[in-house]
Colleague: 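I'd like to ask some things about the structure below.
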Amino acid sequence: MTTPRSIDTPERNKAARIRDRLAKEIEHVDRRRDLSPAGRRARHAQAIVKAQDELSQLRADEAQRVADRRAELTKNLFGAVRPDDARIISIRDAADRSSRVADAKEAERLMNLAEMSGDEVLLQALARECAQRSNPVEPDYGVLFQQWANEQPAGADTVDELSVIADEMSDTGHRLMRERAFAVTLPDDIRGIGNLRALAAEADDSDSAPTAQNSGNTSVRGMTS
């Protein structure tokens, strides 16, 4: 799947495997009897920090992939403009004229005029402006953009995927789904600890729980001194 229409994306599948691995690592630490409470907390933190770093990278990878895909889809719809394009002045003029459109009614009127006169540059600029202005409060812009896009090669599919991407980036439900996909649950003993990375660095220095022999030796040394 190209865009995050659901939890099932390449990055989120990898994230699920990381969370499963983390759960096993936490369970393994909890079964160890040679660890002091401080050592157990440090080992928990070490595993958590490693998983969080990997999950953060996956989240960034997904965001970049989605942004790249959106750019590709937009380029497919509107085409790329090179600096040496002979139409560059016309394109800039059309973009400027489109940006000054007052409302969707005016955009519709200008799009109809551009279509009747065969002014593809202005029509495309107006369609791009409508796509940028589309929002739940002013849905008419989105309708105009979709009408234009549906007439382009593969336009309907492109608009559908762009809509999925827009939902992913703006919808609260999708945001919460994304946060859950790349988050971990902290063990009880390290919840509320501010600097997990510092605690993780103590893992090798705070492992061992005191043994009976060590306790006895401490007592004897105390008596000797």
Side-chain angles (χ1 to χ4, degrees), residues 1-78 80 131-132 134-136 154 157-211:
M1 183 171 294
T2 303
T3 50
R5 193 182 291 270
S6 69
I7 199 69
D8 186 23
T9 68
E11 295 84 5
R12 297 181 194 190
N13 286 335
K14 291 179 182 178
R17 291 195 292 271
I18 289 172
R19 292 196 306 273
D20 288 343
R21 183 200 71 201
L22 175 62
K24 293 176 181 177
E25 290 177 355
I26 295 296
E27 184 179 354
H28 173 71
V29 169
D30 289 341
R31 287 200 304 264
R32 288 181 58 177
R33 294 293 178 261
D34 61 319
L35 294 177
S36 66
R40 184 169 287 106
R41 286 194 298 272
R43 288 290 177 179
H44 283 165
Q46 189 178 57
I48 290 288
V49 166
K50 178 183 177 182
Q52 286 177 333
D53 287 345
E54 293 173 342
L55 291 169
S56 294
Q57 183 59 56
L58 284 173
R59 181 170 183 169
D61 290 345
E62 181 181 273
Q64 185 61 56
R65 179 174 58 78
V66 171
D68 290 345
R69 180 57 177 167
R70 180 176 59 178
E72 179 184 1
L73 291 168
T74 302
K75 178 181 175 182
N76 290 342
L77 271 179
F78 297 106
Q132 292 172 347
S134 179
N135 65 81
D157 292 339
T158 300
V159 170
D160 181 61
E161 192 168 350
L162 283 170
S163 176
V164 172
I165 292 175
D167 286 345
E168 167 64 23
M169 301 183 73
S170 61
D171 181 74
T172 301
H174 283 286
R175 178 177 58 79
L176 293 175
M177 185 184 296
R178 182 170 57 252
E179 289 178 357
R180 287 196 298 268
F182 298 108
V184 298
T185 301
L186 299 181
D188 292 339
D189 61 344
I190 61 172
R191 286 180 183 173
I193 294 178
N195 194 341
L196 286 181
R197 205 169 290 275
L199 179 59
E202 301 173 4
D204 294 332
D205 298 327
S206 57
D207 274 355
S208 299
T211 63

Colleague: Nearest 0.5 Å, what's the CG-CG distance between L58 and D53?
Modeller: 11.0 Å
Colleague: I'd like to know if D188 and R191 make a salt bridge, using a cut-off of under 4.0 Å between side-chain N and carboxylate O.
Modeller: yes
Colleague: To check you understand the geometry: which heavy-atom pair defines the closest contact between L55 and A15, and what is its length?
Modeller: CD2-CB, 3.4 Å
Colleague: Going through the distances and angles, do R180 and M177 end up as a side-chain contact (heavy atoms from CB on, under 4.5 Å)?
Modeller: CA-CA 5 Å; R180 287 196 298 268; M177 185 184 296; 4.3 Å; yes
Colleague: Where do E54 and V184 land on the side-chain contact (heavy atoms from CB on, under 4.5 Å) test, with the steps shown first?
Modeller: CA-CA 11 Å; E54 293 173 342; V184 298; over 6 Å; no
Colleague: Is E72 paired with R69 through a side-chain N to carboxylate O contact shorter than 4.0 Å?
Modeller: yes
Colleague: Kindly give the heavy-atom pair with the smallest separation between I48 and T185, and that separation in Å.
Modeller: CD1-O, 4.0 Å
Colleague: Closest approach of Q46 and A203, non-hydrogen atoms and distance?
Modeller: NE2-CB, 3.7 Å
Colleague: Taking all non-hydrogen atoms of both residues into account, name the closest pair between V49 and A200 and its distance.
Modeller: CG2-CB, 4.2 Å
Colleague: Output, in order, the C-alpha distance, side-chain angles, deciding distance and verdict of side-chain contact (heavy atoms from CB on, under 4.5 Å) for E11 and K14.
Modeller: CA-CA 5 Å; E11 295 84 5; K14 291 179 182 178; 5.7 Å; no
Colleague: Among all residues two or more places apart in sequence or in another chain, which pass the side-chain contact (heavy atoms from CB on, under 4.5 Å) test with R59?
Modeller: R178, E179, F182
Colleague: Look at R43 together with D189 and state whether they make a salt bridge at an N to O cut-off of under 4.0 Å.
Modeller: no
Colleague: Drop me the distance from H44's NE2 to D30's CG, to the nearest 0.5 angstrom.
Modeller: 3.5 Å
Colleague: Which atom pair, heavy atoms only, marks the closest approach of L196 to L186?
Modeller: CD1-CD2, 4.1 Å
Colleague: May I have the step-by-step check of side-chain contact (heavy atoms from CB on, under 4.5 Å) for Q57 and D61, ending in yes or no?
Modeller: CA-CA 6 Å; Q57 183 59 56; D61 290 345; 2.8 Å; yes
Colleague: For R19, I'd like to know if atom CZ has over 12 heavy atoms of other residues, nucleotides or ligands within 6.0 Å.
Modeller: yes
Colleague: Is there a side-chain contact between R40 and P187 (heavy atoms, below 4.5 Å)?
Modeller: no
